[in-house]
Amino acid sequence: MDTTVNWSSDEIMTVTAARALTGDMACFVGIGLPSTAANLARRTHAPGLWMIYESGTLGAKPDTLPLSIGDGVLAETADSVVPVPEIFNYWLQPGRIDVGFLGAAQIDRHANINTTVIGDYDDPKVRLPGAGGAPEIAASCRQVMVIVRQSRRAFVESVDFVTSVGYGGGAGDRERLGLRGGGPSRVITDLGVLEPDPRTRELTLVSVHPGVEVDDVRAATGWELAVSPDLAVTPAPSDEELAALRKLTGR
Amino acid sequence: MIVPLDEGIRELVRDGDTVALEGFTHLIPVSAGHEIIRQGRRDLTLVRMTPDVVYDQLIGAGCARKLVFSWGGNPGVGSLHRFRDAIQNGWPVPLEIEEHSHAGMANRYVAGASGVPFAVLRGYTGTDLIGQTANIKTVTCPFSGEELTAVPAVNPDVTIVHAQRADRAGNVQMWGITGVQKEAVLAARRSLVTVEEVVDELDPVPGQVILPSRVVTAVAEVPGGARPSYAHGYYSRDNGAYQAWDLISRDREAFENWLETDVFGGRPADAAREGGRH
């Protein structure tokens, strides 16, 4: 199978993430991989996807991949452009968004996300950009999807800083905290797909991409990885998906 | 009302002030930021949801004592290296930070604009931001008893924004992505709006005067004043400049050379001397 592969690990990650967006979902999109995946979904199987960028564009339909969250093409093609406080107060907070799509610098076994700092907050090894819209996206969207390349640096036993809450310390924590959104439903990586165990809320490997072994995923995970008894192999990207993705990214 | 940029900055921005330059990717008041550097302002508390390249420049030039923000990066490119150097190494001066989420910052401006002491939101719960930031607390709803988050109003001494057009009376038209600019101006004690052009009469588009003149202290005509960000209807974002900034800002010497040539060089000598940088 490996010999016939004509796509990269980033490509199957992006295609797999795009497939997770369906129908006419309202999707809160972050720049980078989430934006690439959402734009791909809208061009392939989900033309009705309602993309929201935190700069204030509701229902953006860019014909090129936006290079920043406030790209002019988003405003020109949006159904509506609203001020930033409205995005958070009127659209996100009341639960009008179906899916939030986030990246991460670090993620732990309960899908808590760090985008703030590596190391000690007051004496950081690496200062990252910070929270942006992520904490409230993670708190309020009906579900959250995370797209991140899998490595021991990113998949850590314990995040250095909880910027955005996944399932806290495990089952019941979101409810205790009063978070209204459903939490992370899926973590999509360049190696496979992880989903929270329905009982423990621990991220569990449910699918590996073609050519990837479970041990490869274990080696790229900083905790003892749970593996689903029904482990699947991710369907390979179709020619149509690859063509649309490459047209989008200019590859 | 209509003033040259250097005069506007001289009159409105003072050492030690809390200053907000807002613009959400679009309409970032970059030229005004460079004038603040030229005039050598010090000990500023810089407020901005998305400190990007112009704040990296202000921080690297030593203008800031403190940064209040929710996301600091070079959009679409990566990290802010001057910002990192200030936090990690205290260069050129130590930088204190107060860190929020976008929802928290947006609501701080809304409270400031609304004339109330704090804003309520359903946010931050369960995050480590609460423990790091004294300006995030919980509040109990007096009606339902539910616990929510409170953030204090932010009322900058001066807010600076960029817009497409103003008339001679100082009414400001702005369109496209308007970010948090209106709230930031309404929350401020003083405000400066730089515009692409000052016109005798604005094309009447109902609803497009986002800032009526009575909330604007001064307007300066600065064509291209948002570059390398963009001004919808005037020019596009210069993505190459954002990428180029990554290289310039990684290295202290390259940054100082950039300051000399691009900010202090080729400008009126008196503006450079005014700041007493040398």
Side-chain angles (χ1 to χ4, degrees), chain A residues 31-32 53-57 66-72 74-76 78 81-89 92-94 112 114-117 121-140 159-165 168 173-174 176-180, chain B residues 23-27 49-50 52 69-80 83-84 87-88 97 99-107 109-110 113 119 121-129 131-132 146-148 175-183 210 229-230 232-233 236-237 239 242:
Chain A
I31 210 71
Y53 289 80
E54 67 192 14
S55 55
T57 58
L67 291 171
S68 82
I69 213 147
D71 200 308
L74 299 174
E76 276 161 11
V81 183
V82 301
V84 164
E86 285 191 27
I87 279 281
F88 288 98
N89 287 353
L92 185 59
Q93 189 164 263
N112 302 299
N114 174 17
T115 54
T116 300
V117 69
Y121 187 83
D122 294 314
D123 185 18
K125 278 202 208 95
V126 183
R127 175 62 226 194
L128 301 166
E136 283 79 21
I137 292 171
S140 297
V159 292
D160 292 349
F161 192 95
V162 178
T163 312
S164 309
V165 179
D173 262 17
R174 285 188 71 88
R176 269 192 292 282
L177 291 165
L179 304 176
R180 297 195 160 188
Chain B
F24 209 96
T25 308
H26 181 213
L27 294 173
M49 289 183 66
T50 55
D52 65 354
F69 75 110
S70 42
W71 189 90
N74 182 344
V77 179
S79 298
L80 294 179
F83 161 68
R84 270 193 179 180
I87 290 182
Q88 294 177 203
I97 56 172
E99 185 159 8
H100 288 268
S101 67
H102 279 350
M105 281 299 294
N107 277 289
Y109 280 124
V110 168
L121 67 151
R122 202 184 289 290
Y124 291 118
T125 309
T127 73
D128 285 339
L129 287 160
Q132 283 302 339
E146 187 185 358
E147 199 159 270
L148 298 160
W175 63 91
I177 288 170
T178 56
V180 75
Q181 283 98 308
K182 178 179 184 168
E183 289 76 9
I210 301 295
S229 79
Y230 71 105
H232 218 132
S236 322
R237 189 173 190 263
N239 294 307
Y242 282 87

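Per chain, numbering begins at 1; letters A, B, ... match sequence-line order.
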Task: A:T57 portion near chain B, given a 4.5 angstrom heavy-atom threshold - done: side chain
TODO: Report the option among B:G72, B:G104, B:S79, B:G176 that has the most heavy-atom pairs separated by less than 4.5 Å from atoms of chain A.
DONE: B:G72
Open item on the list: For chain A, which candidate among B:S236, B:G73, B:A103 shows the most heavy-atom pairs at distances under 4.5 Å?
Closed with: B:A103
- [ ] Supply the atom-to-atom distance B:L27 CG to B:W175 CH2, rounded to the nearest 0.5 angstrom.
- [x] 9.0 Å
Task: Separation between OG of A:S140 and CD of A:Q93, rounded to the nearest 0.5 Å - done: 6.5 Å
- [ ] Flag the one option from B:I87, B:V110, B:T178, B:N107 with the top tally of heavy-atom pairs under 4.5 Å to chain A.
- [x] B:N107
Open item on the list: For A:D71, which atoms come within 4.5 Å of any heavy atom of chain B: side chain, backbone, both, or neither?
Closed with: backbone
Open item on the list: Only pairs of heavy atoms separated by less than 4.5 Å count here; which of B:H100, B:Q88, B:H26 has the most with chain A?
Closed with: B:Q88
Open item on the list: Counting heavy-atom pairs under 4.5 Å with chain B, which one of A:G130, A:A131, A:G70, A:P129 comes out on top?
Closed with: A:P129
Open item on the list: Regarding B:H102 and A:E136, do their side chains bring together a donor and an acceptor under 3.5 Å, going by distance alone?
Closed with: no
TODO: Measure A:L179 against the heavy atoms of chain B and call it side chain, backbone, both or neither at under 4.5 Å.
DONE: side chain
Task: A:R180 portion near chain B, given a 4.5 angstrom heavy-atom threshold - done: side chain
TODO: Select one option (side chain, backbone, both, neither) describing which atoms of B:R237 are under 4.5 Å from chain A's heavy atoms.
DONE: side chain
Open item on the list: Please classify the contact of A:E86 with chain B as side chain, backbone, both or neither, using a heavy-atom distance under 4.5 Å.
Closed with: neither
TODO: Without swapping roles, check the side chain of B:N74 against the backbone of B:L80 for a donor-acceptor pair under 3.5 Å.
DONE: no
Open item on the list: I need the A:I69 CD1 to B:T50 OG1 distance, nearest 0.5 Å.
Closed with: 9.5 Å
Task: Interface moiety of A:V126 toward chain B, non-hydrogen atoms closer than 4.5 Å - done: both
Task: Under 4.5 Å from any heavy atom of chain A - which part of B:I97 - done: side chain
TODO: Considering only heavy atoms and a distance below 4.5 Å, find which of A:P83, A:G178, A:A139, A:G56 pairs most often with chain B.
DONE: A:P83
Open item on the list: Counting only non-hydrogen atoms closer than 4.5 Å, does B:M49 touch chain A with its backbone (N, CA, C, O), its side chain (CB onward), both, or neither?
Closed with: side chain
Task: Interface moiety of B:Y109 toward chain A, non-hydrogen atoms closer than 4.5 Å - done: neither
Open item on the list: As an exercise, state the distance from OH of A:Y53 to CZ of B:F24, rounded to the nearest 0.5 Å.
Closed with: 13.0 Å
